[in-house]
Amino acid sequence: MPELPEVESIRNKFRLGSDDNPSLIGKHIRGVELLWARTLESPAPDEFSRRIVGQKIGEIGRRGKYLLFHLDDETLVIHLRMSGDLFYEPAATLVAKHHRLVLILDNGERLAFNDARKFGRVWLVNDPAAMLAHLGPEPFDEALTPEDFHQRLQQHHRQIKPLLLDQGFLAGVGNIYADEGLYLAKIHPLTRSDALTPEGAKRLLASLRHVLNEGIRRNGASIDWVYRGGDFQHHFQAYQRTGEPCNRCQTPIERIVVGQRGTHFCPQCQRE
DNA sequence: CACGAGACCTGTTCGC
DNA sequence: TGCGAACAGGTCTCGT
């Protein structure tokens, strides 16, 4: 799915608006079209429509990989999972293949949730903080110091890569940015979390923040047939570069499977 | 607690 | 060309 930088890019697209994409803030939700029932996690479709129609979109936020559309007195929470995306569409646009939930806005314009693989989920909740309470800290939270991060790493005895993907440990990092962050920090993906020194933890936190920032700066990554407008994919150092030379030492990048996820690293720069 | 397998899904690419 | 396998930005549940 979109990871933190992609979700942040989508958030900004709808918050700030652009040429072909007006800001959604201040628009009203006038109707609902649910095209794939399981996309709507809760409440049930009838209640969802009843509660959301008539509400005005306020601030648009993000927590980890969750998008938060704050409405008058509730919050629309969206998780794009692997293949989800959101599109603004003028009135009279044909309903595209893979649209799963369409919100009708003023004058027939629409906000469409498109998701080929149907893994994405939508909720309408009164208390978003409660439903997001399981998430770990935001990577950019200034309260998360290198010392705190090291201490949190010490509390587990796990391979570092799957731990970084654990949203309860740290919110927002996914497969791309975990590989890129570990590469930049020169840490092997199988390193035990509690084997990292304070210096290693500090380097890893700074590296994760750096690659996430680069991703946001480039509006995220667009890969395979899933295009999201960004171009960070042209700046990968490890992810999906199997067999290509490491940009630091020319050793071919290796691919292994860790926690059932493709994992890319430089066997020379990232020693176990 | 840590970890692997399987599930949920569709589409693209790879290998024979 | 054709066809099945492998793979894809995520997360949940279950069994060991």
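A:Tyr177 comes within 4.0 angstrom of no nucleic acid atom, judged by non-hydrogen atoms across all strands. Counting any heavy atom pair closer than 4.0 Å across all strands shown, A:Arg121 reaches no nucleic acid atom.
The closest side-chain heavy-atom distance from A:Leu111 to A:Ile104 is not below 4.5 Å. Between A:Gln270 and A:Pro189, the closest side-chain pair of non-hydrogen atoms falls below 4.5 Å. Between A:Asn12 and A:Ile60 the shortest side-chain heavy-atom distance does not fall below 4.5 Å. Counting heavy atoms from C-beta outward, A:Leu124 and A:Leu71 have side chains that approach closer than 4.5 Å.
Put simply, the side chain of A:Arg203 never gets that close to the backbone of A:Ile187: no donor and acceptor are under 3.5 Å apart.
A:Asp179 places its CG atom 15 Å from the P atom of C:dC7, with the value rounded to the nearest Å. Separating the CG atom of A:Leu163 from the P atom of C:dG10 is a distance of 15 Å, rounded to the nearest angstrom. Between the CD1 atom of A:Ile78 and the P atom of C:dG9 there is a distance of 22 Å, given to the nearest Å. Atom-to-atom, CG of A:Leu4 to C1' of C:dG10 comes out at 14 Å; the value is rounded to the nearest Å. If you take CZ of A:Arg117 and P of C:dT11, they are 13 Å apart, rounded to a whole angstrom. For the pair A:Arg38 CZ and C:dT11 P, the computed distance is 17 Å after rounding to whole Å. The CD1-C1' distance, from A:Ile223 to C:dG9, rounds to 5 Å in whole Å. One interatomic measurement links the two molecules: CE of A:Met82 to P of C:dC12, which rounds to 14 Å at whole-angstrom precision.
Nucleotides of DNA chain B nearest to A:His157 and A:Gln260 differ in position, and the one nearer the 5' end is that of A:His157.
In summary, contact between chain A and DNA chain B, defined as any nucleotide atom under 4.0 Å from a heavy atom of the protein, begins and ends at B:dA2 to B:dT12 in the 5' to 3' direction.
Here, C:dT1 and B:dT10 have their C1' atoms 23 Å apart, quoted to the whole Å. Remark: the separation of the P atoms in C:dG9 and B:dC14 is 15 Å, to the nearest Å. Going from the P atom of C:dT13 to that of B:dC9 covers 15 Å, rounded to whole Å. Rounded to a whole angstrom, the distance from the P atom of B:dA5 to that of C:dC7 is 13 Å.
Remark: the A:Glu89 side chain and the A:His99 side chain contain an N/O donor-acceptor pair separated by less than 3.5 Å. Inspection of the A:His98 and A:Asn114 side chains reveals no N or O donor paired with an N or O acceptor under 3.5 Å.
Contact annotation: A:Arg261 reaches the phosphate of C:dG9 (side-chain N/O to OP1 or OP2, under 4.0 Å). Contact annotation: A:Lys65 reaches the phosphate of C:dG10 (side-chain N/O to OP1 or OP2, under 4.0 Å). OP1 or OP2 of C:dT11 has at least one side-chain nitrogen or oxygen of A:Gln167 nearer than 4.0 Å.
Test A:Arg218, A:Arg217, A:Glu214 against A:His235 for side chain to side chain donor-acceptor pair (under 3.5 Å) and you get one pass: A:Arg218. Each of A:Leu205, A:Leu144, A:Leu165 was compared with A:Leu170 under the side chain to side chain contact (heavy atoms under 4.5 Å, CB included) criterion, and only A:Leu144 meets it.
For an aromatic pair to be called close, the ring centres must be under 6.0 Å apart, and A:Tyr177 with A:Phe232 satisfies this.
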For Watson-Crick and G-U wobble pairs within 3.5 Å on both distances, what is DNA chain C written in dot-bracket notation, | included for inter-strand pairing? .|||||||.|||||||
